[in-house]
Amino acid sequence: MEKIPMTAGGHAALEVELKQLKSVERPAIIRAIAEAREHGDLSENAEYHSAKEKQSFIEGRIKELEGILSLAEVIDPAKLSGTIKFGATVTLVDEDTEEEKTYQIVGEHEASIEKGLLNIKSPIARALIGKEEGDSVEVRTPGGDRAYEVLKVAFI
């Protein structure tokens with residue numbers, strides 16, 4: 001299987017979610033199923049069916065997280081330097097709107113555009129890989145072509 005690149009923060013967040021699911025969510029849903037069973041006829045018991053559905057979701061997510069974490073390759077961006085690559089924190093300016101944005105290039109399982117964490121497989125990240133400060137980048141996005149200038153590259 002192919003290793004999944006991930007920052008230490010992303011790895012820790014997935015471990016916290018997994019622990020929460022196993023130690024809090026799973027026992028709670030088991031109790032809910034037991035309570036629903038006590039109400040009698042399971043064929044028409046909406047609480048029971050809802051709890052079983054939630055249990056299925058939780059168990060699926062636990063298996064997914066365990067799989068991701070088993071393949072995770074934690075990369076420390078602070079040990080990297082040079083051109084833009086995984087883990088780089090990049091400040092860009094949109095050449096049309098002059099709007100500045102800062103993103104960190106991370107693995108797909110920790111990406112969150114709202115938090116400035118850019119999926120390494122996204123069009124912008126793929127266009128940035130190998131570039132350096134001062135370079136201009138053309139990016140074909142679903143919203144149309146965009147041009148950015150790389151203002152700063154840091155590995156923190």
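The basis for the numbers below is simple: all heavy atoms, side chains too, and nothing from hydrogens, waters or symmetry mates.
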Starting from V150, can I reach F155 by hopping between I/L/V/M/F/W/Y residues whose side chains sit under 4.5 Å apart? yes
Check: E110 side chain, T7 main-chain N or O, donor-acceptor pair, under 3.5 Å: yes
So, does E108 use its side chain to make a donor-acceptor pair with the main chain of N119 at under 3.5 Å? no
With rounding to the nearest 0.5 Å, note down the distance linking CZ in F57 to CD in E64. 8.5 Å
How long is the straight-line distance from CD of Q20 back to CD of E15, given to the nearest 0.5 Å? 14.5 Å
Roughly how far apart are D76 CG and I156 CD1, rounded to 0.5 Å? 11.5 Å
Tell me whether I4 is reachable from V74 by hopping between hydrophobic residues (I, L, V, M, F, W, Y) whose side-chain heavy atoms are closer than 4.5 Å. no
Within the side chain of N45, is there an N or O that forms a donor-acceptor pair under 3.5 Å with the backbone of A36? yes
Using 4.0 Å as the upper bound for N to carboxylate O, is an ion pair formed by E66 and K22? yes
Check the pair V137, R146 against side-chain contact (heavy atoms from CB on, under 4.5 Å), reporting the backbone distance first and the verdict last. CA-CA 8 Å; V137 181; R146 307 297 295 249; over 6 Å; no
Using a strict cut-off of less than 4.0 Å between a Lys/Arg side-chain nitrogen and an Asp/Glu carboxylate oxygen, indicate whether R61 and E17 qualify as a salt bridge. yes
Using the rule that two of Ile, Leu, Val, Met, Phe, Trp, Tyr join whenever any of their side-chain heavy atoms come within less than 4.5 Å, decide whether I68 and I75 are in one cluster. no
Test item: R26 side-chain N/O and L21 main-chain N/O as donor-acceptor pair under 3.5 Å: no
Working note: E95 + S136, criterion side chain to side chain donor-acceptor pair (under 3.5 Å); need CA distance, chi angles, decisive distance, verdict. CA-CA 9 Å; E95 292 182 352; S136 208; 2.5 Å; yes
After noting the C-alpha distance and the side-chain angles of T89 and T102, does the key distance pass the side-chain contact (heavy atoms from CB on, under 4.5 Å) rule? CA-CA 7 Å; T89 300; T102 300; 3.6 Å; yes
Apply side-chain contact (heavy atoms from CB on, under 4.5 Å) to the pair I33 and K52, showing each step before the final yes or no. CA-CA 7 Å; I33 289 170; K52 287 297 280 184; 3.6 Å; yes
NZ of K3 to OG of S70, rounded to nearest 0.5 Å, is 7.5 Å
For residues L69 and V106: do they belong to one hydrophobic cluster (side chain heavy atoms under 4.5 Å, members Ile, Leu, Val, Met, Phe, Trp, Tyr)? no
Donor-acceptor contact present, side-chain K85 to main-chain S81, <3.5 Å: yes
Of the non-hydrogen atoms in P123 and R140, which two are nearest, and what is the gap between them? CB-O, 3.6 Å
Shared hydrophobic cluster, I84 / I113 (ILVMFWY, side-chain heavy atoms < 4.5 Å): yes
Closer than 3.5 angstrom, by distance alone: can the side chain of S122 be matched with the main-chain N or O of L118 as a donor-acceptor pair? no
Look only at the side chain of S50 and the backbone of E47, and say whether a donor-acceptor pair between them is shorter than 3.5 Å. no
Could you state the interatomic distance from CG (D135) to CD (E149), rounded to the nearest 0.5 Å? 9.0 Å
Residue pair V93 / E99, side-chain heavy-atom distance below 4.5 Å: no
Quick one: does E133's side chain have a donor or acceptor within less than 3.5 Å of a partner on V153's backbone? yes
Heavy-atom check, side chain of Y148 versus side chain of V139, under 4.5 Å: yes
Taking the side chain as everything from C-beta on, heavy atoms only, tell me whether Y103 gets closer than 4.5 Å to L92. yes
Shortest non-hydrogen contact from L80 to F86? CD1-O, 3.3 Å
If you measure from CG on L71 to NE2 on H109, what distance do you get to the nearest 0.5 Å? 8.5 Å
Pair M6-L14, side-chain contact (heavy atoms from CB on, under 4.5 Å): steps then yes or no: CA-CA 10 Å; M6 180 174 301; L14 292 180; 3.7 Å; yes
